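Below: the structure, in structure tokens.
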Amino acid sequence: MGGRMRSALIAAFCNAIAPGFFLLTLYFGLFSFHESAREAGFIDIFDVCLSANASYFDAQIQSECEELHLIKLAEIPAWLFIVCGALVPICLYAVPTLLGRSRILLGTLFPIALPFAVLATAAIALGSIFFVGLGAHLLTTWTFGIIWPYLYIILAIGATFLVAVLLSAIHNLFSVSTNTEYGVSVKSSQIPVLHEIISELSKELKVKQPKNIILGVSPNFYITNAQTLVLPQNQTLKGETLFLSVTLSKLLTLEELRSIIAHELMHYRGKDLTYTRRFYPVYKLLNGITSKLRTSENLGGVPLLLNLIPMQSGFANSERRISRQRELLADQGAAKATSSLDLASALAKVTIFSKMWPVCLFDNSEALKLREIVGDAYTAIYGYAVYELTQENIDSEFDALLDQRISHPTDTHPTMGERLKNLGVRLDQIPRNYFANFLSEDHLELTVDETVLQSLGTAFLYETLANRHVPIPSETDENTTQMRVIYRIIYQLVAHIIRADGAILPEEVLGAEKLGRELFADFNALIFREHIHSTPTLIDVPTLAKHAALNINESGLSRLTTLLNEVAFADGSVDSREEVILTDFAHYLALEQQSLELESQHNSPTD
């Protein structure tokens, strides 16, 4: 509370600087003139100009008296600006903090408060330019007797920058704020299993079914009725929209998925979605404005930023408190419709796996540098639950679980400790063995058609580009093309070794990846796993050996041979099927190298 209130006090102080500066120059900058006036029997210089003898002054003195009179008229407005400049940021912080205990009230206040904040700050900022100019004029012309024409040029430039920032902010206020999501908007016929779950739970909870359903790969589940733009479909959805992560769904059992969907449907109660429609677009706009102002080199935006920060803090504080209450109530309702343990287990999986998402985005961004596009994002991303979250890692993640929160685009969720206590579930009751096998029978396998799978891969590409700056090389870049071919050869050969005995073990894959990164700088786990799991038929070893000889230099071939032998010997012995692959590769590689050497000798000039 103290830190957030401090931002309001800082804004109030900064708003008072310009009118305060003017008042100081007004009261103390004319000191010598006031002294001369008192020696002549007047109260001050203003009294001189108001005296009956003023009409006998020459034209220059009368002009100076008129100027002083106009300056004196600004005294009361300056005091009003100090008071208003203090009240605006304090009220913008205090009102949502004190009154924002109701989502309806908060959703009603917020859309009004932001335009008021921008317009009030515009008035304060423009007034500050005026009072700085007036104070500077008094200081230079009257106190020091200096006429400095550049002063007004500087003030005009400052005012121009300020007006530009304010006009941009005002323009944003009248722009429609849309929630952007990366995924695929699907019809019920495309997701029969999910549609059946949603339909059953809607009837049981006595709530209406969502109008739209988006499938995505990012680790999230949420429901909203904010206008949502779906990319890459470029489709704008209106009305109730349910977002479901197919990647997370792959981690869950059927009952766990039912509990998560029940939780989201519970948000229909308590008018949560009405709040989302009113509050979220404006809240997103405020965060966008403050973010741009923080990173902008235009100092004209500083006054606006100083006054918006207290408002942002006040509404964020209220939003966190209300969201916590609504999430806990939704958990209770979902637990009644399904079970507390299923919901707790699902929440634990979602929380733990969500931490892998930045790693996943990073690996995809690195793959894009070689123009590698993930085909089966649905399966490839799930691999991070198997390979990154080993049993040892799971234990440490569970130890830290109670203080963690699930991220959400519109709400602030309670900690997992608060949610488990609310559900009456202890941490040691939640099973920890669900990441042990790739595509375990215990996990739900959604039936998703091929078109949706392809669209999910494209959505993953769009989301990666939106979150990370990736310099994608041109299609005609020969070096990139060659590097992509080399790594595909490496991935395929290692996949042959790992798949040789018919069992894909996580420790084998992890070992291959670790050594692969040591030997090859751009070895990419995401693309490698796609060759392991999502490539039904690998290129035959003789063909791979031929392309290896053509594209990989001697040093690279030596490192590749080391990698293949180490992967084959990872379990302490080389399986007969693995030995056949190693022998075939060495044989056909030697044949191709001999062929290339003979061809080179044949083509070389003779004496």
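Predicted model only: the values in this text are computed from it and were never measured.
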Passing candidate, side-chain contact (heavy atoms from CB on, under 4.5 Å) with Val567, options Leu563, Asn565, Leu564: Leu563
Once you round to the nearest 0.5 Å, how far does CG of Asn364 lie from CD1 of Ile527? 6.5 Å
Would you indicate whether Tyr588, at its atom OH, is surrounded by more than 12 heavy atoms from other residues, nucleotides or ligands within a distance under 6.0 Å? no
Identify the heavy atoms of Thr351 and Leu401 that sit nearest to each other, and give their distance. CG2-CD1, 3.7 Å
Gap separating the CG atom of Leu461 from the CD1 atom of Ile373, nearest 0.5 angstrom: 5.0 Å
How far does OG1 of Thr290 sit from CD of Gln312, to the nearest 0.5 angstrom? 4.0 Å
Going by atom types only, do Asp477 and Ser474 share a side-chain donor-acceptor pair under 3.5 Å? no
Okay, side chain of Arg371, backbone of Pro473: is any donor-acceptor separation there less than 3.5 Å? yes
For the residue pair Asp376 and Thr379, establish whether any side-chain heavy-atom pair is separated by less than 4.5 Å. yes
Is a donor from one side chain sitting under 3.5 angstrom from an acceptor on the other, for Ser259 and Asp342? no
If you apply the rule side chain to side chain contact (heavy atoms under 4.5 Å, CB included), what do you find for Ile214 with Leu244, and how did you get there? CA-CA 6 Å; Ile214 302 173; Leu244 297 172; over 6 Å; no
May I have all residue pairs that pass salt bridge (charged side-chain N to carboxylate O under 4.0 Å, His left out) and include part of residues 512-538, sequence neighbours excluded? Glu388-Arg529, Glu513-Arg529
Please check this pair: side chain of Thr247 against backbone of Val217, looking for a donor-acceptor N/O pair closer than 3.5 Å. yes
Any Leu526 side-chain heavy atom under 4.5 Å of Phe460 side chain: yes
Side chain to side chain, Ile497 and Leu582, heavy atoms closer than 4.5 Å: yes
For the pair Thr535 (side chain) and Leu538 (backbone), establish whether a donor and an acceptor sit closer than 3.5 Å, ignoring hydrogens and angles. no
State, with a plain yes or no, whether a side-chain heavy atom of Phe585 is found less than 4.5 Å away from one of Leu560. yes
Among residues at least two apart in sequence or on other chains, which ones pass ring-ring contact (aromatic ring centres under 6.0 Å, His included) with His263? His267
Parallel, tilted or perpendicular: which describes the rings of Phe528 and Tyr491, with under 30° parallel and over 60° perpendicular? tilted
Evaluate Ser345 against Glu256 for side-chain hydrogen bond (donor to acceptor under 3.5 Å, both in side chains), listing each step before the verdict. CA-CA 7 Å; Ser345 179; Glu256 288 169 347; 2.7 Å; yes
State whether a side-chain donor-acceptor pair under 3.5 Å links Glu418 with Thr415. yes
Evaluate the side chain to side chain contact (heavy atoms under 4.5 Å, CB included) criterion for residues Ile260 and Thr338: first the C-alpha distance (whole Å), next the side-chain angles of each, then the deciding distance (0.1 Å), finally the verdict. CA-CA 9 Å; Ile260 287 287; Thr338 55; over 6 Å; no
Looking at every heavy atom in both Tyr387 and Pro506, which two are closest together, and how far apart are they? CE2-CA, 3.4 Å
Could you give the distance from NE2 (His531) to CG (Leu493), rounded to the nearest 0.5 Å? 11.0 Å
Heavy-atom side-chain contact between Ile489 and Ile539 under 4.5 Å: no
Check the pair Val193 / Ile191 against side chain to side chain contact (heavy atoms under 4.5 Å, CB included), numbers first and verdict last. CA-CA 6 Å; Val193 175; Ile191 46 168; over 6 Å; no
Can you name the residues that form a side chain to side chain donor-acceptor pair (under 3.5 Å) with Thr561, not counting sequence neighbours? none
Could you give the distance from CD (Gln209) to CD1 (Ile198), rounded to the nearest 0.5 Å? 7.0 Å
With sequence neighbours left out, write down each residue that passes side-chain contact (heavy atoms from CB on, under 4.5 Å) with Glu200, or none if nothing qualifies. Glu196, Arg258
Any non-hydrogen side-chain atom of Ile213 less than 4.5 Å from a side-chain atom of Ser185? no
Would you check if His547 and Arg488 make a side-chain contact, meaning some heavy-atom pair closer than 4.5 Å? no
Please give me the minimum heavy-atom distance between Ala348 and Phe398, naming the atom from each residue. CB-CZ, 4.4 Å
Just by distance, do the side chain of Lys238 and the backbone of Gln227 share a donor-acceptor pair under 3.5 Å? no
In chain order, what residues pass the side-chain contact (heavy atoms from CB on, under 4.5 Å) check against Asp403, with sequence neighbours excluded? none
Verdict with supporting geometry, Arg484 and Glu372, salt bridge (charged side-chain N to carboxylate O under 4.0 Å, His left out): CA-CA 7 Å; Arg484 187 168 62 250; Glu372 280 282 17; 5.2 Å; no
Are Leu254 and Ile197 side-chain neighbours, meaning at least one heavy-atom pair lies under 4.5 Å? yes
May I have the step-by-step check of side chain to side chain contact (heavy atoms under 4.5 Å, CB included) for Glu264 and Leu242, ending in yes or no? CA-CA 8 Å; Glu264 299 305 332; Leu242 177 63; 3.9 Å; yes
Taking only residues two or more places apart in sequence or in another chain, which ones pass ring-ring contact (aromatic ring centres under 6.0 Å, His included) with Phe243? Tyr222
For the student: nearest non-hydrogen atoms of Gly333 and Leu205, plus distance: O-CD2, 4.3 Å
With rounding to the nearest 0.5 Å, note down the distance linking NZ in Lys369 to OG1 in Thr480. 11.5 Å
Minimum heavy-atom separation for Glu578 to Ala500, with atom names? CG-CB, 3.8 Å
Are Ser396 and Asp399 close enough that a side-chain donor and a side-chain acceptor fall under 3.5 Å? no
